[in-house]
Amino acid sequence: MEHRFEQLSPHILIMHAEHETDRPVLAAIAGADRTLLMDAGASPAHADCFRAELDRRGVRSPDLLVLTHWHWDHSFGMNAWNVPVIAHEKTAEVLGGLSRRGWSDDEMEELVQAGTISLESVQHIRLEYGEARQISVGKPDILFTGSLVIDLGEVSCELRHVGGDHSADSCVLYVREDKVLFLGDALGPSVYGGPRSYSSTAFLRLLDTAYGFGADWLVESHGIPMSGQAFRADLEPWERLARLADAFGSDRERVLLELKAELKLAELPADLLQGVDYFMAGAK
Ligand SMILES: [Zn+2]
């Protein structure tokens with residue numbers, strides 16, 4: 001597997017997302033006194049890969065780790081870092097429960113049945129860990145609610161709980177001096193415990209929050225970093241869709257008709273059409 005790393009801004013090195021096993025973006029934010037790591041990685045192997053690159057580039061090893069939310073691909077590499085972990089109270093609660101479980105095929109099947117994780121996650125976990133799977137889920141050390149500012153020395157980061165459809169514990173991380181906003185998966189649809197869905201209210205509120213930071217760069221965990229301008233252009237059809245879903249609820253035909261008219265398109269692209277399904281699933 002080829003790994004890609006990028007110096008995104010003066011203080012931030014990222015490891016790009018890898019889609020084969022659903023590995024999200026990892027980031028090291030290096031201040032004058034401390035290095036903060038954003039997300040732990042999907043596994044010790046994922047964590048080791050980023051650590052090796054930090055060493056190779058002479059980046060100070062992480063002193064602290066923050067989690068954007070509890071999902072396995074962001075958190076299961078936690079124990080490989082051996083640093084204090086900062087997380088939202090809800091993130092810690094879920095990981096505390098998962099840390100007492102085993103990860104045999106049967107036990108993972110139980111979690112799928114309970115709607116805690118999805119079959120897709122199980123398939124990715126199998127790929128990430130291989131057959132001789134040894135999973136040890138860590139528990140965060142420092143818990144917060146609301147928001148928290150972390151001073152790294154000449155660089156400060158704001159960690160803010162935003163919630164939303166994807167996961168109730170979703171947080172975003174804003175690196176003030178570099179004007180980079182890490183969104184985690186906050187803008188994604190719900191993925192566990194039912195069909196994928198979006199609520200128009202939550203989606204529009206999250207967009208407002210994201211734009212409110214005035215970031216130069218925005219990074220979604222399973223995407224590529226985007227400039228503020230590119231991000232707005234990318235999200236514009238989705239914002240229109242959310243507003244139409246807000247106005248017309250589960251009237252799918254009306255939403256489709258209005259969206260095609262607004263975008264001046266005869267047919268919607270596949271991803272947006274899927275988005276319509278997500279909003280219909282989340283309509284009240
Ligand atoms: Zn997630």
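For ligands, and for the atoms within them, numbers begin at 1 and follow the listed sequence. Numbering of residues begins at 1 and proceeds along the displayed sequence. All values reported here derive from a predicted model rather than from experimental measurement.
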Quick check with a 6.0 Å cut-off and a 45 degree axis cone: is Arg133 positioned over the face of Trp103's six-membered ring?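 Not flagged: Arg133 not positioned over aromatic ring of Trp103.
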
Please say whether the positively charged group of Arg232, taken as NZ for Lys or CZ for Arg, lies over the ring of Tyr211, i.e. under 6.0 angstrom from the six-membered ring centre and within 45 degrees of the axis.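 Here Arg232 passes the 6.0 Å and 45° test against Tyr211.
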
What atom name does the N, O or S atom of His166 nearest to the Zn ion (ligand 1) carry?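 Minimum-distance N/O/S atom of His166 relative to the Zn ion (ligand 1) is NE2.
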
Which is the closest N/O/S atom of Asp185 when seen from the Zn ion (ligand 1)?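 Result for Asp185 and the Zn ion (ligand 1): OD2.
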
Would you please classify the geometry between the Tyr129 ring and the Phe76 ring as parallel, tilted or perpendicular, with 30° and 60° separating the classes?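 Rings of Phe76 and Tyr129: perpendicular, over 60°.
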
Using the Zn ion (ligand 1) as the vertex, how large is the angle between ND1 of His71 and NE2 of His69, rounded to 10 degrees?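 Between ND1 of His71 and NE2 of His69, the angle at the Zn ion (ligand 1) is about 90°.
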
Inspect the contact between Asp48 and Arg51 and indicate whether a charged nitrogen and a carboxylate oxygen are less than 4.0 angstrom apart.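 Yes, this pair counts.
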
